[in-house]
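Taking it in order: structure first as structure tokens, then the write-up.
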Amino acid sequence: QLQLVESGGGLVQPGGSLRLSCAAAGFTWDYYAIGWFRQAPGKEREGVSCISSSGGSTNYADSVKGRFTISRDNAKNTVYLQMNNLEPDDTAIYYCAARRFRQCVLTYEYDYWGQGTQVTVSS
């Protein structure tokens, strides 16, 4: 059974950093592009960043460019989202998702989703 598990969320002050992890089990990880999405209270889920199956291509939402970095370690079946200079507007539940394509997208065309991890940015 395919499973995605997010970790690394928490409470951080504005300007702080967090690193989220998305770990996988049950499938051949390097066949899948991975995306990170987030959903804030009262808002629609939005694409934050994504990475191709090889790790050679990445994409970011304009709101996080220059602050967030996505990477993957296929040997560990893990994708990371390094989040720096966090802002209160980054507060949301963060989800990772997988799709069996080389290329990633920031829209919802993903087959598998994790349960999410809460990120709260507040002083």
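We use all heavy atoms of the structure for the numbers below, so side chains are in, but hydrogens, waters and symmetry mates are not.
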When you group the ILVMFWY residues by side-chain heavy-atom contacts below 4.5 Å and let the links chain together, are [Y] and [X] in the same group?
X     : Y     : answer
Leu81 : Leu11 : no
Met83 : Tyr60 : yes
Tyr80 : Phe68 : no
Val5  : Ile34 : no

Look only at the side chain of [X] and the backbone of [Y], and say whether a donor-acceptor pair between them is shorter than 3.5 Å.
X     : Y      : result
Ser54 : Gly56  : yes
Glu6  : Gly116 : yes
Ser52 : Ser57  : yes
Ser49 : Asn59  : yes

Contacts of Val121 that satisfy side chain to side chain contact (heavy atoms under 4.5 Å, CB included) - sequence neighbours left out
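Val121 satisfies side chain to side chain contact (heavy atoms under 4.5 Å, CB included) with Val12, Pro14, Leu86, Pro88, Asp90, Thr91, Val119 once adjacent residues are dropped.
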Shortest non-hydrogen contact from [X] to [Y]?
X     : Y      : result
Ser17 : Asn85  : OG-N, 4.2 Å
Thr78 : Ser21  : CG2-CB, 4.2 Å
Asp30 : Ser53  : O-CB, 3.5 Å
Arg72 : Trp29  : NH2-O, 3.2 Å
Arg99 : Cys104 : NE-CA, 4.3 Å

Rounded distance (nearest 0.5 Å) linking atom [atom1] of [X] with atom [atom2] of [Y]:
X      : Y      : atom1 : atom2 : value
Leu4   : Tyr112 : CG    : OH    : 9.5 Å
Asp89  : Ser63  : CG    : OG    : 9.0 Å
Gln115 : Thr117 : CD    : OG1   : 11.5 Å

Residue pairs fulfilling disulfide bond (SG atoms under 2.5 Å apart) with at least one residue in residues 7-38, sequence neighbours excluded
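Residue pairs with at least one partner in residues 7-38: Cys22-Cys96.
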Side chain to side chain contact (heavy atoms under 4.5 Å, CB included) evaluation trace for Tyr31 with Phe101
CA-CA 7 Å; Tyr31 289 173; Phe101 288 89; over 6 Å; no
Any chance you could lay out the side chain to side chain contact (heavy atoms under 4.5 Å, CB included) test for Arg38 and Arg45, step after step, and finish with the verdict?
CA-CA 5 Å; Arg38 67 185 181 186; Arg45 193 172 297 190; over 6 Å; no
Share the residues that join Ile93 in a hydrophobic cluster, the rule being Ile, Leu, Val, Met, Phe, Trp or Tyr side chains under 4.5 Å apart at the heavy-atom level.
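Result for Ile93 is Phe37, Tyr95, Val105, Tyr108, Tyr110, Trp113.
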